[in-house]
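Worksheet: the structure to be examined is printed underneath.
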Number of protein chains: 2
Amino acid sequence: MTDTTQITPEQRELLAQVLDKWSLHVLDRLCEHPHRFNELRRTIPSLTQKSLTTTLRRLERNGMIERTMLSTRPIAVEYRLTPLSASLQSLLDALLDWSGANLPAVRRAREEYEAARDLEDHGGEGAGVAAEA
Amino acid sequence: MTDTTQITPEQRELLAQVLDKWSLHVLDRLCEHPHRFNELRRTIPSLTQKSLTTTLRRLERNGMIERTMLSTRPIAVEYRLTPLSASLQSLLDALLDWSGANLPAVRRAREEYEAARDLEDHGGEGAGVAAEA
DNA sequence: CAGAATCCCTCTGGATACTG
DNA sequence: CAGTATCCAGAGGGATTCTG
(Lines give C-alpha, C1' and ligand atoms only; values in the text may rest on other atoms or scores of the structure.)
Protein backbone atom coordinates (compact mmCIF):
# COMPACT_ATOMS: atom_id res chain seq x y z
CA MET A 1 0.00 0.00 0.00
CA THR A 2 2.68 2.52 0.89
CA ASP A 3 0.74 5.57 1.85
CA THR A 4 2.72 8.64 0.97
CA THR A 5 3.04 9.97 4.49
CA GLN A 6 2.31 7.82 7.45
CA ILE A 7 2.28 10.00 10.51
CA THR A 8 3.58 8.10 13.45
CA PRO A 9 2.25 8.64 16.96
CA GLU A 10 5.70 9.88 17.87
CA GLN A 11 5.57 12.59 15.24
CA ARG A 12 2.09 13.54 16.33
CA GLU A 13 3.24 13.85 19.91
CA LEU A 14 6.29 15.88 19.00
CA LEU A 15 4.41 18.32 16.81
CA ALA A 16 1.67 18.64 19.37
CA GLN A 17 4.23 19.61 21.97
CA VAL A 18 6.16 22.00 19.81
CA LEU A 19 3.19 23.64 18.14
CA ASP A 20 1.08 23.93 21.20
CA LYS A 21 -0.54 27.16 22.14
CA TRP A 22 2.15 28.56 24.38
CA SER A 23 5.18 26.81 22.93
CA LEU A 24 4.69 28.67 19.68
CA HIS A 25 4.51 31.91 21.56
CA VAL A 26 7.60 31.22 23.61
CA LEU A 27 9.65 30.09 20.64
CA ASP A 28 8.59 33.20 18.78
CA ARG A 29 9.90 35.37 21.61
CA LEU A 30 13.15 33.48 21.86
CA CYS A 31 13.69 33.88 18.14
CA GLU A 32 14.46 37.52 18.74
CA HIS A 33 16.93 37.02 21.55
CA PRO A 34 17.38 35.00 24.74
CA HIS A 35 14.95 35.81 27.50
CA ARG A 36 14.80 35.39 31.24
CA PHE A 37 11.92 33.72 32.97
CA ASN A 38 10.00 36.74 34.14
CA GLU A 39 10.84 38.51 30.94
CA LEU A 40 8.92 35.87 29.05
CA ARG A 41 6.14 36.01 31.56
CA ARG A 42 5.78 39.74 31.11
CA THR A 43 5.90 39.73 27.33
CA ILE A 44 3.27 37.02 27.04
CA PRO A 45 0.10 38.29 28.66
CA SER A 46 -2.32 35.75 30.13
CA LEU A 47 0.37 33.13 30.34
CA THR A 48 0.54 32.03 33.95
CA GLN A 49 3.74 31.17 35.75
CA LYS A 50 2.76 27.54 36.02
CA SER A 51 1.99 27.13 32.34
CA LEU A 52 5.19 28.90 31.44
CA THR A 53 7.22 26.53 33.60
CA THR A 54 5.53 23.52 32.06
CA THR A 55 6.04 24.83 28.56
CA LEU A 56 9.70 25.63 29.13
CA ARG A 57 10.43 22.23 30.66
CA ARG A 58 8.80 20.43 27.79
CA LEU A 59 10.62 22.46 25.18
CA GLU A 60 13.87 21.88 26.99
CA ARG A 61 13.22 18.17 27.17
CA ASN A 62 12.66 18.05 23.43
CA GLY A 63 15.90 19.88 22.79
CA MET A 64 14.12 22.97 21.53
CA ILE A 65 15.50 25.41 24.07
CA GLU A 66 18.52 25.62 26.30
CA ARG A 67 18.41 26.71 29.89
CA THR A 68 21.36 28.50 31.43
CA MET A 69 21.62 29.35 35.10
CA LEU A 70 23.78 32.32 35.93
CA SER A 71 24.86 32.06 39.55
CA THR A 72 24.58 35.75 40.17
CA ARG A 73 23.24 37.08 43.43
CA PRO A 74 19.55 36.81 42.82
CA ILE A 75 19.67 33.81 40.54
CA ALA A 76 19.24 34.57 36.85
CA VAL A 77 18.17 32.11 34.22
CA GLU A 78 18.33 32.48 30.50
CA TYR A 79 16.45 30.58 27.84
CA ARG A 80 17.69 30.49 24.29
CA LEU A 81 16.99 28.64 21.07
CA THR A 82 18.97 25.57 20.06
CA PRO A 83 20.05 24.59 16.54
CA LEU A 84 17.09 22.23 16.54
CA SER A 85 14.51 24.92 17.12
CA ALA A 86 16.40 27.31 14.86
CA SER A 87 15.87 24.81 12.06
CA LEU A 88 12.18 25.21 12.65
CA GLN A 89 12.12 28.96 12.91
CA SER A 90 11.28 29.75 9.30
CA LEU A 91 8.40 27.29 9.43
CA LEU A 92 7.03 28.91 12.54
CA ASP A 93 7.33 32.34 11.03
CA ALA A 94 5.46 31.13 7.99
CA LEU A 95 2.72 29.75 10.21
CA LEU A 96 2.35 33.01 12.04
CA ASP A 97 2.23 34.88 8.77
CA TRP A 98 -0.40 32.52 7.47
CA SER A 99 -2.55 32.88 10.56
CA GLY A 100 -2.30 36.63 10.42
CA ALA A 101 -3.12 36.80 6.76
CA ASN A 102 -6.05 34.41 6.92
CA LEU A 103 -7.70 35.50 10.10
CA PRO A 104 -10.29 37.53 8.19
CA ALA A 105 -11.19 34.54 6.04
CA VAL A 106 -11.49 32.37 9.11
CA ARG A 107 -13.70 34.91 10.83
CA ARG A 108 -15.98 34.91 7.82
CA ALA A 109 -16.07 31.13 7.75
CA ARG A 110 -17.09 31.09 11.39
CA GLU A 111 -19.94 33.49 10.84
CA GLU A 112 -21.22 31.42 7.95
CA TYR A 113 -20.99 28.31 10.05
CA GLU A 114 -22.94 29.78 12.92
CA ALA A 115 -25.50 31.19 10.53
CA ALA A 116 -26.00 27.79 8.92
CA ARG A 117 -26.41 26.17 12.30
CA ASP A 118 -28.98 28.74 13.33
CA LEU A 119 -31.00 28.00 10.22
CA GLU A 120 -31.04 24.31 10.98
CA ASP A 121 -32.03 24.76 14.58
CA HIS A 122 -34.73 27.39 14.27
CA GLY A 123 -35.49 27.48 10.59
CA GLY A 124 -36.35 24.03 9.40
CA GLU A 125 -38.82 22.66 11.86
CA GLY A 126 -42.03 24.66 12.05
CA ALA A 127 -43.49 24.68 8.55
CA GLY A 128 -42.53 28.20 7.86
CA VAL A 129 -40.66 30.66 5.88
CA ALA A 130 -38.59 28.22 3.86
CA ALA A 131 -36.86 30.86 1.88
CA GLU A 132 -35.08 30.43 -1.39
CA ALA A 133 -36.26 27.81 -3.83
CA MET B 1 10.47 48.93 20.73
CA THR B 2 8.65 47.80 17.62
CA ASP B 3 8.33 44.13 18.28
CA THR B 4 8.57 42.30 15.01
CA THR B 5 5.64 39.99 15.49
CA GLN B 6 2.98 40.46 18.08
CA ILE B 7 0.95 37.27 18.30
CA THR B 8 -2.64 38.02 19.08
CA PRO B 9 -4.78 35.72 21.19
CA GLU B 10 -6.90 35.16 18.12
CA GLN B 11 -3.94 33.88 16.14
CA ARG B 12 -2.90 31.68 19.01
CA GLU B 13 -6.35 30.18 19.19
CA LEU B 14 -6.56 29.61 15.45
CA LEU B 15 -3.18 27.94 15.19
CA ALA B 16 -3.90 25.84 18.25
CA GLN B 17 -7.07 24.57 16.62
CA VAL B 18 -5.58 23.93 13.22
CA LEU B 19 -2.31 22.45 14.42
CA ASP B 20 -3.76 20.35 17.14
CA LYS B 21 -2.91 16.71 17.44
CA TRP B 22 -5.73 15.24 15.38
CA SER B 23 -6.43 18.18 13.10
CA LEU B 24 -2.99 17.84 11.57
CA HIS B 25 -3.61 14.20 10.99
CA VAL B 26 -7.01 14.71 9.42
CA LEU B 27 -5.82 17.50 7.16
CA ASP B 28 -2.95 15.35 6.06
CA ARG B 29 -5.34 12.59 5.04
CA LEU B 30 -7.65 14.98 3.22
CA CYS B 31 -4.71 16.36 1.30
CA GLU B 32 -4.60 13.16 -0.69
CA HIS B 33 -8.27 13.05 -1.55
CA PRO B 34 -11.69 13.53 0.05
CA HIS B 35 -12.59 11.01 2.72
CA ARG B 36 -15.72 9.71 4.32
CA PHE B 37 -16.24 9.66 8.05
CA ASN B 38 -15.45 6.04 8.77
CA GLU B 39 -12.73 6.10 6.20
CA LEU B 40 -10.93 8.72 8.26
CA ARG B 41 -11.65 6.80 11.39
CA ARG B 42 -10.10 3.66 9.96
CA THR B 43 -7.02 5.32 8.53
CA ILE B 44 -6.21 7.09 11.77
CA PRO B 45 -5.71 4.47 14.44
CA SER B 46 -6.45 5.39 18.04
CA LEU B 47 -8.65 8.27 17.00
CA THR B 48 -12.06 7.73 18.53
CA GLN B 49 -15.35 8.59 16.91
CA LYS B 50 -16.00 11.35 19.39
CA SER B 51 -12.67 13.04 18.91
CA LEU B 52 -12.99 12.75 15.17
CA THR B 53 -16.39 14.41 15.24
CA THR B 54 -15.09 17.22 17.41
CA THR B 55 -12.07 17.71 15.19
CA LEU B 56 -14.10 17.74 12.00
CA ARG B 57 -16.63 20.20 13.38
CA ARG B 58 -13.93 22.57 14.50
CA LEU B 59 -12.09 22.40 11.20
CA GLU B 60 -15.34 22.98 9.39
CA ARG B 61 -16.16 25.94 11.57
CA ASN B 62 -12.81 27.50 10.78
CA GLY B 63 -13.36 27.05 7.08
CA MET B 64 -10.62 24.45 6.78
CA ILE B 65 -12.77 21.62 5.49
CA GLU B 66 -16.06 21.27 3.65
CA ARG B 67 -18.70 18.75 4.55
CA THR B 68 -20.94 17.29 1.86
CA MET B 69 -23.89 15.04 2.57
CA LEU B 70 -24.81 12.65 -0.19
CA SER B 71 -28.41 11.56 0.29
CA THR B 72 -27.75 8.06 -0.86
CA ARG B 73 -29.41 5.10 0.78
CA PRO B 74 -27.23 4.66 3.80
CA ILE B 75 -26.23 8.27 4.22
CA ALA B 76 -22.77 9.13 2.97
CA VAL B 77 -20.73 12.15 3.99
CA GLU B 78 -17.61 13.47 2.38
CA TYR B 79 -15.01 15.78 3.81
CA ARG B 80 -12.66 17.70 1.57
CA LEU B 81 -10.15 20.51 1.83
CA THR B 82 -11.08 24.11 1.13
CA PRO B 83 -8.95 26.76 -0.58
CA LEU B 84 -8.13 28.01 2.88
CA SER B 85 -6.62 24.77 4.06
CA ALA B 86 -5.04 24.17 0.68
CA SER B 87 -3.11 27.39 1.20
CA LEU B 88 -1.70 25.81 4.31
CA GLN B 89 -0.90 22.44 2.85
CA SER B 90 2.72 23.10 1.93
CA LEU B 91 3.38 24.41 5.43
CA LEU B 92 1.89 21.31 6.99
CA ASP B 93 3.91 19.06 4.72
CA ALA B 94 7.03 20.93 5.72
CA LEU B 95 6.16 20.46 9.37
CA LEU B 96 5.66 16.74 8.94
CA ASP B 97 8.93 16.51 7.08
CA TRP B 98 10.68 18.40 9.81
CA SER B 99 9.26 16.21 12.54
CA GLY B 100 10.24 13.09 10.66
CA ALA B 101 13.75 14.30 9.98
CA ASN B 102 14.41 15.53 13.48
CA LEU B 103 12.86 12.78 15.53
CA PRO B 104 16.24 11.17 16.13
CA ALA B 105 17.69 14.44 17.39
CA VAL B 106 14.71 14.92 19.66
CA ARG B 107 15.03 11.41 21.03
CA ARG B 108 18.65 12.09 21.85
CA ALA B 109 17.76 15.36 23.53
CA ARG B 110 15.21 13.57 25.66
CA GLU B 111 17.68 10.98 26.82
CA GLU B 112 20.17 13.66 27.75
CA TYR B 113 17.50 15.51 29.63
CA GLU B 114 16.44 12.49 31.63
CA ALA B 115 20.06 11.61 32.32
CA ALA B 116 20.76 15.09 33.63
CA ARG B 117 17.70 14.94 35.85
CA ASP B 118 18.78 11.60 37.26
CA LEU B 119 22.16 13.02 38.16
CA GLU B 120 20.58 15.89 40.04
CA ASP B 121 18.16 13.69 41.91
CA HIS B 122 20.44 10.86 42.97
CA GLY B 123 23.89 12.25 42.45
CA GLY B 124 24.40 15.42 44.44
CA GLU B 125 22.80 15.10 47.80
CA GLY B 126 23.91 12.42 50.25
CA ALA B 127 27.68 12.23 50.70
CA GLY B 128 28.45 9.48 48.29
CA VAL B 129 27.17 6.11 49.33
CA ALA B 130 24.04 7.33 51.05
CA ALA B 131 22.89 3.82 51.68
CA GLU B 132 19.64 3.38 53.51
CA ALA B 133 19.98 1.38 56.67
C1' DC C 1 -23.21 4.90 7.60
C1' DA C 2 -22.54 8.97 10.37
C1' DG C 3 -23.16 10.70 14.07
C1' DA C 4 -25.61 12.49 18.97
C1' DA C 5 -26.10 11.58 23.86
C1' DT C 6 -24.62 9.83 28.19
C1' DC C 7 -21.52 8.53 31.93
C1' DC C 8 -17.26 8.79 34.07
C1' DC C 9 -12.81 9.83 35.06
C1' DT C 10 -8.33 11.87 34.14
C1' DC C 11 -5.59 15.61 33.35
C1' DT C 12 -5.04 20.41 32.45
C1' DG C 13 -4.84 25.01 34.11
C1' DG C 14 -5.91 28.86 37.37
C1' DA C 15 -5.20 30.80 41.97
C1' DT C 16 -2.54 30.96 45.97
C1' DA C 17 1.22 30.25 49.13
C1' DC C 18 6.00 29.08 50.08
C1' DT C 19 11.36 28.68 49.16
C1' DG C 20 16.55 28.89 47.85
C1' DC D 1 14.49 36.09 40.78
C1' DA D 2 12.89 31.66 39.45
C1' DG D 3 10.72 28.57 40.50
C1' DT D 4 8.09 24.27 43.53
C1' DA D 5 3.95 22.67 46.07
C1' DT D 6 -0.92 22.34 46.87
C1' DC D 7 -5.74 22.71 46.08
C1' DC D 8 -9.52 22.64 43.24
C1' DA D 9 -12.91 23.50 39.40
C1' DG D 10 -13.76 22.46 34.73
C1' DA D 11 -12.74 20.96 30.14
C1' DG D 12 -11.49 16.97 27.45
C1' DG D 13 -11.42 12.07 26.06
C1' DG D 14 -12.61 7.16 26.30
C1' DA D 15 -16.21 3.66 26.34
C1' DT D 16 -20.80 2.63 25.56
C1' DT D 17 -25.52 3.08 23.90
C1' DC D 18 -29.02 4.83 20.66
C1' DT D 19 -30.78 6.73 16.09
C1' DG D 20 -32.26 8.47 11.19
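A, B, ... follow the sequence lines: proteins, then strands. Residue 1 opens every chain. Remember, it's a predicted structure, so these values are computed and weren't measured experimentally.
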_Test log, rule side chain to side chain donor-acceptor pair (under 3.5 Å), inputs A:Ser51 and A:Thr48_ = CA-CA 5 Å; A:Ser51 300; A:Thr48 67; 3.1 Å; yes

_Distance, rounded to the nearest Å, where A:His25 contributes NE2 and C:dG13 contributes C1'_ = 18 Å

*Walk me through it: do A:Ser90 and A:Asp93 pass the test side chain to side chain donor-acceptor pair (under 3.5 Å)?*
CA-CA 5 Å; A:Ser90 60; A:Asp93 281 349; over 6 Å; no

*Nucleotide nearest B:Lys50 (side chain, heavy atoms from C-beta), chosen from C:dC7, C:dA4, D:dC7*: C:dC7

_Side-chain N or O of B:Arg36 versus OP1/OP2 of C:dC1: is the shortest distance under 4.0 Å?_
no

*Of the non-hydrogen atoms in A:Trp22 and A:Thr55, which two are nearest, and what is the gap between them?*
CB-OG1, 3.7 Å

*asked:* Can you measure A:Trp22 atom CH2 to C:dG13 atom C1' for me and round it to whole angstrom units?
replied: 11 Å

*Quick one: is B:Arg73 getting a side-chain N or O under 4.0 Å of the C:dA2 phosphate, OP1 or OP2?*
no

*asked:* With a 4.0 Å cut-off on N to O distance, would you call A:Glu114 and B:Arg61 a salt bridge?
replied: yes

*Taking the side chain of A:Thr53 as heavy atoms from C-beta outward, which of C:dC7, D:dG3, C:dG14 is closest to it?*
D:dG3

*B:Leu52 CG to D:dG12 P: how many Å, rounded?*
17 Å

_Side-chain N,O (B:Thr54) to OP1/OP2 (D:dG13) below 4.0 Å_ = no

_For C:dA4 and B:Arg57 - does any side-chain N or O of the residue sit under 4.0 Å from the phosphate oxygens OP1/OP2?_
yes

*Starting at atom CE of A:Met69, determine the distance to atom C1' of D:dT4, rounded to an integer number of angstrom.*
14 Å

*asked:* Donor-acceptor check, side chain of B:Asn62 to backbone of B:Met64, threshold 3.5 angstrom: yes or no?
replied: no

*Starting at the 5' end of DNA chain C, which residue's closest nucleotide do you reach first, A:Arg58 or A:Ile75?*
A:Arg58

*Can you figure out which of D:dA2, C:dG3, C:dC1 approaches the side chain of B:Val77 most closely?*
C:dG3

*Expressed in angstrom and rounded to an integer, what is the separation of B:Phe37 atom CZ from D:dG20 atom C1'?*
15 Å

*Does the side chain of B:Tyr79 get closer than 4.0 angstrom to OP1 or OP2 of C:dC1 through an N or O atom?*
no

*Counting side-chain heavy atoms from CB outward, which of D:dG13, C:dG14, D:dC1 is closest to A:Ser51?*
C:dG14

*Write down the distance between NZ (B:Lys21) and P (D:dG13), rounded to a whole number of angstrom.*
8 Å

*So which nucleotide from C:dA2, D:dA2, D:dG3 ends up closest to the side chain of A:Arg67?*
D:dG3

*Compare side-chain N and O positions of B:Thr48 against OP1 and OP2 of D:dG14 and report whether any pair is under 4.0 Å apart.*
yes

*Check whether the side chains of A:Gln49 and A:Thr53 place a donor and an acceptor atom closer than 3.5 Å, and report yes or no.*
yes

*Per B:Pro74 side chain, nearest of listed nucleotides D:dT4, C:dC1, D:dC7*: C:dC1

*Within this structure, what is the CD-to-C1' distance between A:Gln17 and C:dC11, rounded to whole angstrom?*
15 Å

_For atom CD of A:Glu60 and atom P of D:dG3, their distance in whole Å_ = 9 Å

